[in-house]
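Step one of this worksheet: look at the structure below.
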Amino acid sequence: MTRPPKLLVFDSGLGGLTVFAEIVKLRPHADYLYCADDAGFPYGSWKEPELIERVTKLMGELIADHAPDMVVIACNTASTIVLPSLRVDWPALPFVGTVPAIKPAAERTRSKMISVLGTPGTVARDYTQNLIATFAAHCAVTLVGSKRLASLAERYMHGERASDADIAIEIAPCFKEESGRRTDAVVLACTHYPLLIDEFERLAPWPVEWIDPAPAIARRADQLLGERFGADAAADQPAFRRAVFTSGARPSEPLAATLARYGLG
Ligand code: DGL
């Protein structure tokens, strides 16, 4: 096949850009459509059946309109409930998901105290409980479902800074101390959160390892693309990269500038 592969990267908002950026590093010559379901944002508070229905319907439209070769669901809140049904509905299309990086956190922690910082939806999922039971049974795991952080990250991408107090209060429940031990690893279980990593590091009560799964997701996407398309290679035409928003709204000026930095028109 001589044309480059086309990837659809999907999130409720701009958090998926953290995954997109890592995939682009490995596959700079692929074509990309980034879709933000900003009309449905935030996904964190949606009821499961409604969210499954919404994402499945949107996926049907996006696949029909753009015929991607791979779909990356760059959203923990959606991936943890909708991936199995998407794979059944489109069996020939590879779907790469984003799920809480509990396994690497459980492998790296020395104190055996880890926290999972996600949306209220992600931390409540059976999927997340199963990951903990399978990979982190030897750890004390604190689940923190933040109602506000994804919106703060979203606003940050529109050029609005969140106050230190607003961020500090959201991350504070991740930090536990018990019998001389304390949390030493925090899973970033929402793709929006790495956008605020500098603030998290600065405002943390003590240093911890913040675990962002984006590089591992990118390696998985690259591996699957390699199996179907071979190595990344320049094509005759320049790579196609576009962002679409389900609200149909034009991006604000600061956001358009940020998207341009990601190479997205
Ligand atoms: N970025 C999404 C995630 O990884 C969720 C943000 C939201 O819509 O609440 O979970």
Side-chain angles (χ1 to χ4, degrees), residues 8-23 34-59 71-83 86 95-102 104-105 115-129 131 143-158 162 166-167 170-171 174 186-197 199-200 210-218 220-221 243-247 249 255 258-259 262 264:
L8 167 63
V9 181
F10 178 85
D11 183 30
S12 58
L14 301 167
L17 291 173
T18 59
V19 177
F20 168 81
E22 292 298 322
I23 302 175
Y34 184 87
C35 177
D37 182 15
D38 60 336
F41 180 88
Y43 277 0
S45 45
W46 278 66
K47 295 218 165 55
E48 294 193 4
E50 281 89 344
L51 187 57
I52 293 174
E53 198 187 320
R54 179 176 183 90
V55 175
T56 308
K57 182 168 172 287
L58 268 173
M59 218 30 77
V71 178
V72 180
I73 305 290
C75 174
N76 294 260
T77 315
S79 292
T80 47
I81 41 165
V82 82
L83 271 179
L86 293 179
F95 285 89
V96 174
T98 317
V99 300
I102 289 165
S115 293
V116 180
L117 180 61
T119 65
T122 296
V123 300
R125 301 264 189 269
D126 290 345
Y127 194 103
T128 303
Q129 293 299 339
L131 288 176
L143 292 170
V144 180
S146 168
K147 290 202 176 107
R148 297 191 58 215
L149 273 179
S151 300
L152 294 176
E154 195 79 9
R155 297 222 296 267
Y156 173 82
M157 297 297 272
H158 285 269
D166 279 348
I167 295 177
E170 296 298 312
I171 63 170
C174 295
V186 179
V187 177
L188 297 169
C190 169
T191 53
H192 278 74
Y193 300 170
L195 297 170
L196 297 173
I197 189 66
E199 275 70 17
F200 290 178
W210 299 94
I211 297 179
D212 174 6
I217 295 157
R220 175 70 185 140
V244 293
F245 294 84
T246 55
S247 67
L255 177 59
T258 306
L259 292 174
Y262 283 88
L264 286 163

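Whatever order the structure lists them in is the order used to number ligands and atoms, beginning at 1. Nothing here was measured: the structure is a model prediction, and the numbers come from that model.
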Hey, can you pull the donor-acceptor pairs under 3.5 Å for the side chains in residues 73-82, sequence neighbours left out?
unit_1	atom_1	unit_2	atom_2	d
Asn76	ND2	Ala189	O	3.2
Thr77	OG1	Thr119	OG1	2.9
Thr77	OG1	Thr122	OG1	3.2
Ser79	OG	Ile73	O	3.1
Ser79	OG	Cys75	O	2.8
Ser79	OG	Thr98	N	3.0
Ser79	OG	Thr98	O	3.4
Thr80	OG1	Asn76	O	2.7
Thr80	OG1	Thr77	O	3.4
Thr80	OG1	Arg125	NE	3.0

Does [Y] offer a backbone N or O that forms a donor-acceptor pair with the side chain of [X] under 3.5 Å?
{"X": "Ser115", "Y": "Val186", "answer": "no"}
{"X": "Glu22", "Y": "Ala216", "answer": "no"}
{"X": "Tyr193", "Y": "Gly118", "answer": "yes"}

Using a 4.0 Å cut-off on heavy atoms, what residues surround ligand 1? Order them by chain and number.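 Answer by chain and number: Asp11, Ser12, Phe41, Pro42, Tyr43, Gly44, Cys75, Asn76, Thr77, Thr119, Ala150, Cys190, Thr191, His192.
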Would you say the side chain of Val123 lies within less than 4.5 Å of the side chain of Val144, judging by non-hydrogen atoms?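 A side-chain contact under 4.5 Å is absent here.
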Where does the angle between the aromatic ring planes of Tyr43 and Phe10 fall among parallel (under 30°), tilted (30 to 60°) and perpendicular (over 60°)?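 Tilted.
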